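Note sheet for the following structure.
Note that this is a predicted model, so its numbers are computed, not measured. Just the heavy atoms: all of them, side chains too, but no hydrogens, waters or symmetry mates, feed the values below. Chain letters run A, B, ... following the sequence lines, proteins first, then strands; residues in each count from 1.
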Amino acid sequence: MTPEIPSPSPALPGAPAPDAPERRDFIRDIVAADVAAGRIPAPVTRFPPEPNGYLHIGHAKSIALNFGVAAEFGGRCNLRFDDTNPVKEEQAYIDAIEHDIRWLGYDWGARTLHASDYFDQLYAWAVHLVESGLAYVDDQSADQIRETRGTLTEPGTNSPFRDRSVEENRELFERMRAGEFPNGARVLRARIDMAAPNINLRDPVLYRIVHARHPRTGDAWSIYPTYDFAHGQSDAIEGVTHSLCTLEFEVHRPLYDWLIEHLPVPSRPRQIEFARLNLTYTVLSKRVLLRLVSEGHVRGWDDPRMPTISGLRRRGFPAEGIRDFAGMVGVAKTDSVIEYGLLEYAVRTVLNRTAQRRFGVLDPVRIVIENYPEGQVESLDVGNNPEDPTAGTRPVEFGRELWIEREDFAEDPPPKFFRLAPGREVRLRNAYFVTCTSVVKDQAGRVVELRCTYDPATRGGDAPDGRRPKATLHWVSAAHAVPAEVRLYDQLFSRPDPGAEGDLFADLNPDSETIVRNAMLEPSLADLPGGETVQFERLGYFTPDPDSAPGALVFNRTLTLKDTWAKVQAKGAVGA
RNA sequence: UGGCGCGUGGCUCAACGGUAGAGCACCUGACUCUGGAUCAGGGGGUUCCAGGUUCGAAUCCUGGCGCGCCAGCCA
């Protein structure tokens, strides 16, 4: 499914480019101050995904932050899987996550770590807490625990098992580990304060009984630590200095600190929270993304409409564009929603600079050049990228019959329409000037062919007399064109704030994908390698889809070009 | 009628007591063999509100208001 991708650009992502403006945000300020004050020689960060789904563009922000901070201050960033819940986690997700981070262009050396690597140590620390009288085994059910936790405005009440002896707690916890009890029979809880105004401090659960096979530790454990107990301690084991996480963990920080304080951990990490990424027209919730996939609203995690890294990759977004975007969105504590257009801007900027140009006609209409010799074919030299002279040129066949874009012709051109019309001369890009002499229609009145003449003196696209048509059209030789299916994409959701008014799934855009089955492409496109995105001149950026096969080409439209004509039309429509 | 956090142009951020700035978006013009790109210019902010401190407040204090998060044996 996932195409094999050429390695990302050689520039070391994460490391500041020599000419990059200094990136500044409150987290980098804190790190810089810690380094300047000599509290740490260099920062250690970590990216801690739970392997229960695919990475998405929101994770890219976190990845760029964690790896970026580490690189900029000469530190390091670990990849650590937060694999403490075996009922939701799978090896397939672990593999996909590693692949995606590599594709994005980040490198964590040999430091592929797992919270599960620390299960022994974590267990020993839990015992330490028991022996300090700071944790106890609670026999209450999940329901009972919920009922006695209190509410936002009322304190909770102590569990009847809260004052068990250290001996009894130690024995019971040991037996939980030995697998003597069924799921949910007992938990290990921290003994903090059932009346704490912060609910996370009301004797939070540290360990629960889960009889499930873990992707890495197999059946070795029948109890698993919760996020709260595993995360900070894992940070401490790894020597993480700045544990960067999203805002929803803010209220967990007092617990994070409490555990670090009461345990003989080897280092004292500090948790700092920042706002997660939100994007208009997009949902970045693993739960929802999983539903989109499992309910068949999209074809898979890597559907080109998905905001997953694999989806964006299949769509043709370059890793560099995603990295640039992550750098542009800023890091702050304000809950915010980024306009999707900023992502497009970042991607277009990279693609404009790097994508080779090709000719492709999505909605072909035939033109016949009446004064061009029948049977003649000539090869024209066409530049691969006007933004990059080193990209060279390629030969493109020209002949008497060509395909042009149907919408590049108007029998009755509206004002400000500069393209082909009866009697009007336009330039065929890198080829000749042609003038439309007549229109051939079928019985239904549909244009089936345009008869034209060309000016042989304009070969290459310039007129000796200096005259300049107002429009330049893309074209493909009818005798050489290869047919292809092209998939056009629009937002997966039809409103900028999906789900804001009721059911999220009711906001799915029914026109998020449009399939064009009879596109005509220049023949060089037939063997474009997967993972490469090119520009179809005047149309946008396109990339071969993995569904593509020899003789049955399939392309995805990555993005359109910026379209000011569409804007003019829209204005006209409003004014009319 | 709990706790924690956040409020600066349409969007995202900066300004860290000295009189509000950037990117994106938007508008205009130039240029152009992509109605793309590029270049030049422009509009747009009572810095949530109200008091207070100060020669001076987006920055400090007090009180409001609004928004977000927290009552999983998810992370």
Side-chain angles (χ1 to χ4, degrees), chain A residues 21 24-26 29 48-50 52 82 84-85 87-89 138 140-142 145-147 149-156 183-189 195-202 204-210 223-224 226-228 230-231 245-254 273 275 280 286-287 328-346 348-349 352-353 357 359 383 386-387 416-419 426-431 433 458 460-462 468-474 535-540 560-569:
Chain A
R24 216 64 289 189
D25 54 64
F26 81 100
D29 286 346
E50 184 191 10
N52 67 343
D82 227 329
T84 57
N85 187 2
V87 313
K88 288 189 176 180
E89 297 154 7
D138 194 343
Q140 293 184 109
S141 69
I145 288 177
R146 185 178 344 103
E147 282 158 17
R149 185 153 26 224
T151 69
L152 295 178
T153 52
E154 301 159 328
N183 287 352
R186 288 177 229 263
V187 292
L188 184 74
R189 290 230 258 172
N198 181 339
I199 291 177
N200 293 291
L201 260 16
R202 317 241 261 230
V205 171
L206 267 22
Y207 266 91
R208 72 284 212 195
I209 298 170
V210 180
I223 57 173
Y224 291 91
T226 56
Y227 165 86
D228 284 311
H231 204 94
C245 64
T246 43
L247 252 27
E248 64 268 29
F249 293 103
E250 213 159 18
V251 287
H252 291 246
R253 184 165 13 103
E273 312 85 16
T280 56
K286 278 198 204 172
R287 200 195 99 254
M328 284 189 270
V329 296
V331 178
K333 298 194 71 163
T334 320
D335 262 306
S336 57
V337 185
I338 305 300
E339 290 172 344
Y340 191 85
L342 187 66
L343 210 209
E344 296 187 324
Y345 165 81
R348 277 201 192 97
T349 302
N352 178 54
R353 198 181 71 236
R357 314 285 126 126
F359 291 152
E387 304 292 319
K416 294 189 186 166
F417 181 93
F418 304 139
R419 294 167 273 174
V426 298
R427 171 166 42 224
L428 295 180
R429 174 138 241 236
N430 293 292
F433 292 4
T458 58
D462 285 303
R468 310 153 113 182
K470 292 196 78 172
T472 299
L473 310 187
H474 57 99
Q535 182 189 111
F536 289 3
E537 294 218 29
R538 302 207 309 131
L539 295 179
T560 60
L561 255 27
K562 223 168 100 182
D563 191 351
T564 49
W565 168 245
K567 209 176 281 178
V568 170
Q569 280 180 308

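When distances run from any side-chain atom of R538(A) to the nucleotides C70(B), C13(B), U34(B), the shortest one goes to U34(B). When distances are taken from the side chain of T153(A) to each of G2(B), C73(B), U12(B), the shortest belongs to G2(B). Across G23(B), C69(B), G36(B), the shortest atom-to-atom separation from the side chain of E387(A) is found for G36(B). For F417(A), taking side-chain heavy atoms from C-beta onward, the closest of the listed nucleotides C74(B), G35(B), A71(B) is G35(B).
Consecutive pairing runs in RNA chain B reach the stem threshold at B:2-7 with B:65-70, B:10-13 with B:21-24, B:26-30 with B:38-42, B:48-52 with B:60-64, where a stem means at least three Watson-Crick or G-U wobble pairs with distances under 3.5 Å.
Taking atom C1' on both nucleotides, C31(B) is separated from U38(B) by 8 Å, rounded to a whole Å.
Rounded to an integer number of Å, the gap from CG of D138(A) to C1' of G72(B) is 15 Å. Look at CG on N198(A): it is 16 Å from P on C69(B), rounded to the nearest Å.
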Worked check of side-chain contact (heavy atoms from CB on, under 4.5 Å) between I338(A) and T280(A): CA-CA 6 Å; I338(A) 305 300; T280(A) 56; over 6 Å; no
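Taking the six-membered ring for Trp and thresholds of 30 and 60 degrees, H252(A) and F249(A) have ring planes more than 60 degrees apart, a perpendicular arrangement.
Between L539(A) and H474(A) the shortest side-chain heavy-atom distance falls below 4.5 Å.
Among the heavy atoms of the strands lying under 4.0 Å from V187(A) is at least one base atom, whether or not backbone atoms are also near. Within the 4.0 angstrom heavy-atom criterion, no nucleotide atom of any strand lies near N183(A). Nucleic acid contact for G184(A): base, since at least one base atom lies under 4.0 Å from a heavy atom of the residue. Within the 4.0 angstrom heavy-atom criterion, base atoms lie near R419(A). Within the 4.0 angstrom heavy-atom criterion, no nucleotide atom of any strand lies near R202(A).
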Atom pairs and distances, donor-acceptor, side-chain atoms in residues 328-336 of chain A, under 3.5 Å, two or more places apart:
{"from": "K333(A)", "atom 1": "NZ", "to": "E250(A)", "atom 2": "OE2", "distance (Å)": "2.6"}

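Neither OP1 nor OP2 of U32(B) sits under 4.0 Å from any side-chain N or O of R427(A).
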